[in-house]
Each structure stands twice: as structure tokens, then as C-alpha cells.
Engineer: 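Next up is a structure, given as C-alpha cells.
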Amino acid sequence: MPARPRRYWLVKSEPELYALGDLERDRRTAWEGVRNYQARNSMKDDMAPGELVLFYHSNAEPTGVVGLAKVASAAHADETQFDPESDYYERGATRADPRWMCVDLAFVERFAKVVTLAELKADPELDGMLVTRRGMRLSVQPVELGHFRRVLALARARTKLPK
DNA sequence: GCCAACGTTGGC
DNA sequence: GCCAACGTTGGC
């Protein structure tokens, strides 16, 4: 049976709520609180352990891709839906019939420099990348391999220092 | 803080 | 099933 091709992803997070630095400290976390069906379906149906994830800071200064994470579990129920104290509580969701699913993410690396949204938008090789689309709010989104590689190249480019 | 873009809700 | 109203996301 042929292995299915590896996929690449981008997740958004507001650093005031959960920054890449928090993931670095925690090493691994359940990607809870996603309440959008398209994003949920990506986690439930399409993400596989080991796949790489661009970690993007939204509502930040600057906004952009700040590092890399990887998928660290199969999909499982998002526990916050069962907690009446949680902002993400979902009335009627049960463990037998959960509505919201998530995966665990693990820290991989922090980029030496942020690849800003402005850079992403300005790069012709990234034409069509979802995160650059105006009004694109999807918080878990697929990334084409070519775009993924290009973002890594931008992250690893170094300014030439004068002699 | 503004507001455009989008997703969801609910009246009909 | 339509669609207006509303709430949220997220860039700027």
C-alpha cells in the first residue's frame, strides 16, 4: 500500500493567547479551542503525526511565520468542549459523540527571523498561498510543498554582513 | 480602534 | 431554504 503523501500546514495563534514561546516551553500541547469546521476537518481527517506545521502569529507585531511545529498525535476529542467552565464549552457534546477534534502539536524550531506577512505577500513564489489572501481567517490551513519550502528558505536567508 | 471579510444563527 | 443580523477574525 503506497504511503499517502506528506502534507504541510500552517496554524495561526495570537501570541498574547499562545505564542510559539509557550509551545517551546511546553514542548507539546493539544491544539484546543479551534471552533471552525473547516479547520477541525483538517485536524480530524488530514493531519498525520510527523507532518510539519508553520507557526504563525496573528494580531502581533509583526504578524508572520515565527517557527516550525509538527503534528504529534492522531486526532482526538478537544477536552475543552466538555468543560462547563471553559470558553470553548459545547453544550451537548459527549465523549461518545464529540463535536470538536484536535491534534497535539510539538515544538520544532524558532526561526532566527520572523517571515512577516508583508514578505509573504511580496514574494512572487508565494502567489496563492492561503495566508496571504485578504480576509482569509482559516486558523488551520494546508500549505503547498513549494510554498512551504520557500517560507523555510526566507526564514533561513541571512543578511550579508559588510566586511 | 476601525472595518472588511467571513461564518453562524435564527426568523420566516 | 433564504437571507438579514450578528459575532468573530485579524490586518492595518
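So that the names make sense, note that chain A is the first sequence line, chain B the second, and so on, each numbered from 1. Keep in mind the model is a prediction, meaning the values are calculated, not measured. Any value given below was found using the heavy atoms of this structure, including those in side chains, with hydrogens, waters and symmetry copies removed.
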Engineer: To the nearest Å, how far apart are A:Glu14 CD and C:dG11 P?
Structural biologist: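 From A:Glu14 CD to C:dG11 P: 9 Å.
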Engineer: Roughly, in whole Å, what's the span from NZ in A:Lys121 to P in C:dG10?
Structural biologist: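 So the NZ-P distance, A:Lys121 to C:dG10, works out to 13 Å.
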Engineer: Rounded to whole angstrom units, what separation is found between the NE2 atom of A:His57 and the P atom of C:dG11?
Structural biologist: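 Distance, rounded to whole Å: 12 Å.
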Engineer: Are any of A:Lys12's side-chain N or O atoms less than 4.0 Å away from OP1 or OP2 of C:dG10?
Structural biologist: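 Yes, within the criterion.
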Engineer: Might you work through the salt bridge (charged side-chain N to carboxylate O under 4.0 Å, His left out) test for A:Arg35 and A:Asp78, ending with a clear yes or no?
Structural biologist: CA-CA 10 Å; A:Arg35 292 295 181 268; A:Asp78 176 335; 2.9 Å; yes
Engineer: Tell me: CG of A:Leu117 to C1' of C:dT9, nearest whole Å?
Structural biologist: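 The answer, rounded to whole Å, is 14 Å.
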Engineer: Measure from the side-chain N and O atoms of A:Asn41 to the backbone N and O of A:Tyr37, and report whether any donor-acceptor pair falls under 3.5 Å.
Structural biologist: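 The answer is yes, because a donor-acceptor pair under 3.5 Å joins these two groups.
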Engineer: Tell me, with the steps shown, if A:Glu90 and A:Trp100 meet side-chain hydrogen bond (donor to acceptor under 3.5 Å, both in side chains).
Structural biologist: CA-CA 9 Å; A:Glu90 181 77 29; A:Trp100 300 108; 2.9 Å; yes
Engineer: Please tabulate, for the side chains in residues 126-136 of chain A, all donor-acceptor contacts under 3.5 angstrom to protein atoms that are two or more places apart in sequence or on a different chain.
Structural biologist:
| residue | atom | partner | partner atom | Å |
| --- | --- | --- | --- | --- |
| A:Thr132 | OG1 | A:Met129 | O | 2.7 |

Engineer: Report the distance from atom CG of A:Asn59 to atom C1' of B:dC3, rounded to the nearest whole Å.
Structural biologist: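 In whole Å, B:dC3 C1' lies 13 Å from A:Asn59 CG.
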Engineer: Minimum heavy-atom separation for A:Ala77 to A:Cys102, with atom names?
Structural biologist: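 So the two residues come closest at O-SG, 4.3 Å.
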Engineer: Just the atom pairs and distances: protein N or O near nucleotides 6-8 of chain C's N or O, under 3.5 Å.
Structural biologist:
| residue | atom | partner | partner atom | Å |
| --- | --- | --- | --- | --- |
| C:dT8 | O2 | A:Arg137 | NH1 | 2.4 |

Engineer: Hey, is the main chain of A:Arg28 close enough, under 3.5 Å, to the side chain of A:Asp26 for a donor-acceptor pair?
Structural biologist: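 Answer holds: no.
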Engineer: Nearest-Å distance, CG (A:Leu130) to P (C:dG10)?
Structural biologist: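 So the two atoms are 13 Å apart, to the nearest Å.
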Engineer: Heavy-atom nearest nucleotide on DNA chain B for A:Arg134 versus A:Arg35: which residue maps closer to 5'?
Structural biologist: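 The residue mapped nearer the 5' terminus is A:Arg134.
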Engineer: Check the distance between C:dG11's P and A:Arg133's CZ and give it to me in whole angstrom.
Structural biologist: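 Whole-Å distance recorded here is 14 Å.
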Engineer: Check the distance between C:dG10's P and A:Glu16's CD and give it to me in whole angstrom.
Structural biologist: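 The answer, rounded to whole Å, is 14 Å.
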